[in-house]
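We count ligands from 1, going down the list as the structure has it; atoms in each ligand are counted the same way. Below, all heavy atoms of this structure are taken into account, side chains as well, without hydrogens, waters or symmetry copies. Please read all numbers here as calculations on a predicted model, not as lab measurements.
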Amino acid sequence: MTWLSGTTEFPLDHLPYGIFQHGPGDGRVCVAVGNEILDLVACADTGLLDSVDREVLRTPTLNPLIDLGPDAWQALREELLQFVLTASEPSPGLTHDRDSAQLLVPIKAPDYVDFYSSIEHATNLGRMFRPDGEPLLANWRHIPIGYHGRSGTIVASGTPIQRPAGQTKDPTADVPSFGPSKKLDIELELGAVLYRSKKNDPVSVADADQHVFGLVLVNDWSARDIQAWEYQPLGPFLGKSFATTIGPWVVPLTSADRFRVDAPEQSPAPLHYLDSAERRNFDIHLTVALQPSGADCAEVITTTTSALLYWTFAQQIAHMTSNGADLSSGDLIASGTISGTKAEEVGSLIERTENGKFPITVAGHERAFLEDGDTVILEGRLGGPTGPSMGQCIGTISPAASATTTETRNP
Ligand code: MN
């Protein structure tokens, strides 16, 4: 019998990494175990860990640990597993209550790329944004489509999300206007946290796993009215860059490995540099819950899985390094919105409400898009609804800046 108790959400062999605030200016690496967090600095101080330097653990980001590379991650994980699975004596000061711990944003991402890898989502959006054309553009099945996001606006779970202002144009109006977004939305996504590669040395699909530290929940908040007006010809910009929330826990690839499944077949076969004999996705049960402002509880509005993504993380990594660009430790890539085929399986409100035309009722409140005071909670469970947890990725909408006034001017 071990001293630490695992739970279904955080069993002893799961051990996702996070960063917690131990005191002012004292961010530390921790892992989640049951209802507690294990302070890895305290573990190092008591001689329980010696595979990595204490200073790598006493930092407010996982980046220094990630930068040590796969052999060091494996050594640390083996030490941790050995400890949590066999520790028989309670050791004071090593753990803290998980619910009351202040968890910080776990990485400082040098670069952030958001992909568009769910064929169901891309098809749904294509139909709405280009009703007269083919839903999938000609390149979609050949290239993992993506755009560079704004890494500086990645925030920790729980950070309030201020409603963005921006330029929009109502299709029925002759001129654009400026003001608070009226179509604030979510995007349910799975992120991968990366390990560096060499410049001008593309990472192959087969080697890509060597460059993934772990998986994290991502909510790519999106202002659909800003996005619709700005996105052609160069893609998303201010409709996305105001905030991206990531979950508190980064699940090590070695913990997620058990939950891989074959990815759907690709047709046509991609070019050689994107092709591989084995294409695997992670089977993660994903949910979105919404607590409307004024409601006394949250209601699950979406249940889906990452098992069906068309493009895998390995293909995305091979693609994004194929031009000679390198990866930095702590880079974040995200899958793109994850949607299934049914209404209750889509990862955004624009799909669920058909761009606001058909509002849904959530906990007794009607919603087309997000209102001020609404709270969104993403959750991920590996392998199914009762599997190990990725924690919760939460954000509450706060009102647009008070100085923001709507402006419309005739040319
Ligand atoms: Mn996105």
Apex the Mn ion (ligand 1) - arms OE2 from Glu189 and OD2 from Asp220 - angle rounded to 10°: 110°

Aromatic plane relationship, His96 with Phe20 - under 30° parallel, 30 to 60° tilted, over 60° perpendicular: tilted

Test applied, ring pair (Phe, Tyr, Trp, His ring centres under 6.0 Å); reference residue, His121; option that passes from Trp311, Tyr310, Tyr116: Tyr116

Carboxylate-amine/guanidinium proximity below 4.0 Å for Arg58 and Glu55: no

Which atom of Asp114 approaches the Mn ion (ligand 1) most closely (N/O/S): OD2

Parallel, tilted or perpendicular: rings of Phe282 and Phe313 (30°, 60°): tilted

Residue Glu187 atom name (nearest to the Mn ion (ligand 1); N/O/S): OE1

